[in-house]
Amino acid sequence: MAVHKTQVGIVGAGPAGLLLGQLLHLNGIDSVILENRTRDYVIDRVRAGVLEQGTVDLLRAMGVGAGLDSRGLRHDGLYISVQQRRHRIDLADLTDGRAITVYGQNEVVKDLIDARVATGRPLNFEAGGVSIDGLDARPVIRFQHAGAEHEVRCDIIAGCDGFHGICRPSIPADALTVYERSYPFGWLGILAEVGPSSDELVYAHHERGFALFSMRSPTVTRLYLQVPPDESIDNWPDDAIWDEMVTRMMSLDGWKPNIGRIIQKGVTPMRSFVAAPMRHGRLFLAGDAAHIVPPTGAKGLNLAASDVLVLAHAVKAFYQRGQSDALDQYSDVCLRRVWRAQRFSWWMTSTLHRFPDDGPFDLQRQIADLEYLTSSRAAMTSLAEQYVGLPPEVSFESAGLSGG
Ligand SMILES: Cc1cc2nc3c(=O)[nH]c(=O)nc-3n(C[C@H](O)[C@H](O)[C@H](O)COP(=O)(O)OP(=O)(O)OC[C@H]3O[C@@H](n4cnc5c(N)ncnc54)[C@H](O)[C@@H]3O)c2cc1C
């Protein structure tokens, strides 16, 4: 058995684990990152694409914003389509110049992997049989790599291993409260090799179900359709997907998505989930390991970034000033934002999607809701400030960064 020592052992090289590793590095704190998948798998996974203003500012302040600045697409607004009429919400005007940036999660992950490799600090892909132990006093992470057994001894473990990881299940069940809601629908998502016909996202309410128009680059469109949660993708030949996209999105002024070759498609179920507290002994959960939001509000990746900013601030205080107060407050500080994001994501989801039990009353109520939203400056401001992201829970300076 090979024994290694570090300060923070990080399980998972998704956005949460990689961001945390980089924030710790910038503060001179050692970490080991363990990931059970291959590097290519982690980079190629197509997921989030909408970055809040605070996430963009964080990546820049960390010195990993070059790709974002050259290839990210800043959006000052978004559209909500109700009864085939598109209404623009001017996010920047309503929030003193804040905006969102469309930059694929796989690009963010690739940039962070490059930054990690440049630090020379350990990042092990294809770590098998990862397990954690000693959470009360002497944390250890065990894993297999290249045919050998390894043990990492550390002061703190960061559980950044996503919803299906091993860290959350390592906490005794009676020490966690789980809050959960599943939705009676999922999203059929496609990537298509065609230039987007709108410069900004279009959230389309339609009596046949919700649809979302978005993009990944000037040549790749990303679109979603509300479908039943257990829908098989085999039921959706490409022509049927485009017919349904156009039906749900086309507006009375003639706008509709451009049609092109579909290069990837799949169905994702939707859920809201929170496990609390986000800390057990010396294990700290961050990102999807602790919470899941339905993707309608585009909050998942952004919440992961917010968690690790708070964790980096707390770990810095622990090592540099010998104070554990911020570690003790980590879960409460993160959960305040998590619940606000949960509420916003639930609200966006329930306002825009059709539920199987909904009748004509509910359809008219949703239309009234959305027409109010798109005509009241107060209502639009509320959406805009949550969509571009609430202010960070801790300052960038307190996490060892300048600016923000
Ligand atoms: C289809 C889809 C669309 C989405 N759209 C958006 C969006 O528009 N905006 C947004 O903000 N969010 C969106 N999200 C959510 C976002 O992708 C997640 O919230 C984000 O990936 C969370 O990052 P994470 O690092 O916490 O978890 P993950 O990205 O899941 O990373 C966890 C990592 O841990 C690894 N791991 C798991 N188990 C182990 C183990 N036992 N040992 C070692 N490593 C392990 C995994 O392989 C993975 O690399 C979307 C998600 C999906 C599925």
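Just so you know, ligand 1 is whichever comes first in the structure, and atom 1 is the first atom listed for that ligand. We use all heavy atoms of the structure for the numbers below, so side chains are in, but hydrogens, waters and symmetry mates are not.
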Quick one: does Asp288 get an N or O within less than 3.5 Å of an N or O on ligand 1?
-> yes
Do any nitrogen or oxygen atoms of Pro15 lie less than 3.5 angstrom from nitrogen or oxygen atoms of ligand 1?
-> yes
Test of proximity, Ala16 against ligand 1: N or O pairs below 3.5 Å | yes
Does the N or O separation between Val42 and ligand 1 drop below 3.5 Å for any pair?
-> no
Starting from atom 51 (C) of ligand 1, which protein heavy atom do you reach first, and at what distance in Å?
-> Arg47 CB, 4.2 Å
Nearest protein heavy atom to atom 31 (O) of ligand 1, by residue and atom, and its distance?
-> Gly14 CA, 3.4 Å
Is any side-chain N of the basic residue among Glu149 and Arg142 closer than 4.0 Å to the acidic one's carboxylate O?
-> no
Do Asp238 and Lys265 meet the salt-bridge criterion of a basic N to acidic O distance under 4.0 Å?
-> yes
Flag for Gln386-Arg343: side-chain donor and acceptor within less than 3.5 Å = yes
Decide whether an N or O pair under 3.5 Å exists between Leu301 and ligand 1.
-> yes
Pairs involving residues 18-28, ordered by first then second residue, that meet side-chain hydrogen bond (donor to acceptor under 3.5 Å, both in side chains) (sequence neighbours left out) = His25-Arg121
Nearest to atom 7 (C) of ligand 1, what protein heavy atom do you find, and at what distance?
-> Ala48 CB, 3.2 Å
Which class fits the ring pair Phe355 and Phe185: parallel under 30°, tilted 30 to 60°, perpendicular over 60°?
-> perpendicular
Salt-bridge criterion met for Arg88 and Asp93 (N-O under 4.0 Å) = no
Give a yes or no on whether a salt bridge exists between Asp307 and Arg279, defined as a side-chain N under 4.0 angstrom from a carboxylate O.
-> no
Please write down residue, atom name and distance for the protein heavy atom closest to atom 15 (C) of ligand 1.
-> Gly300 CA, 4.0 Å
Quick check, are the ring centers of Tyr179 and Trp339 under 6.0 angstrom apart?
-> yes
What part of Val130 sits under 4.0 Å from ligand 1 if we count only heavy atoms: the side chain, the backbone, both or neither?
-> side chain
In ligand 1, the atoms that come under 4.0 Å of a heavy atom of Cys160 are 32 (C), 33 (C), 34 (O)
Glu52 near ligand 1, heavy-atom distance under 4.0 Å?
-> no
If you measure only the distance, is there a donor-acceptor pair under 3.5 Å linking the side chains of Tyr183 and Arg181?
-> no
Under 3.5 Å, is there a donor-acceptor pair between the side chain of Glu180 and the main chain of Phe273?
-> no
Ligand-side contact atoms (ligand 1) for residue partner Gly162, heavy atom cut-off under 4.0 Å | 27 (O), 30 (O), 32 (C)
For ligand 1, is there an atom lying under 4.0 Å from some heavy atom of Ala127?
-> no
Evaluate the side-chain proximity of Leu370 to Leu352: yes if any heavy-atom separation is below 4.5 Å, no if none is.
-> yes
Pick from His291, Lys299, Arg37, Glu35: the one approaching atom 46 (C) of ligand 1 most closely through a non-hydrogen atom = Glu35
Is Gly189 near ligand 1, meaning one of its heavy atoms is under 4.0 Å from it?
-> no
Taking atom 8 (O) of ligand 1 as the reference point, the nearest protein heavy atom with its distance = Gly49 N, 3.5 Å
Specify whether His4 and Phe143 have parallel, tilted or perpendicular ring planes, treating 30° as the upper limit for parallel and 60° as the lower limit for perpendicular.
-> parallel
Between Gln105 and ligand 1, does any nitrogen or oxygen pair lie at a separation below 3.5 Å?
-> yes
With heavy atoms and a 4.0 Å threshold, my read on which part of Leu34 contacts ligand 1 is backbone
In the protein, which heavy atom is nearest to atom 36 (N) of ligand 1, and how far is it?
-> Asn36 OD1, 3.5 Å
Any idea which atoms of ligand 1 are less than 4.0 Å away from a heavy-atom of Asn302?
-> 11 (O)
Looking at atom 1 (C) of ligand 1, what's its closest protein heavy atom, distance included?
-> Thr268 OG1, 3.8 Å
Do ligand 1 and Gly165 have nitrogen or oxygen atoms that lie under 3.5 Å from each other?
-> no
Should Lys299 and Glu52 count as an ion pair when the cut-off is N to O under 4.0 Å?
-> yes
Look at atom 37 (C) of ligand 1 and say which protein heavy atom is nearest, naming residue and atom and giving the distance to 0.1 Å.
-> Asp161 O, 3.1 Å
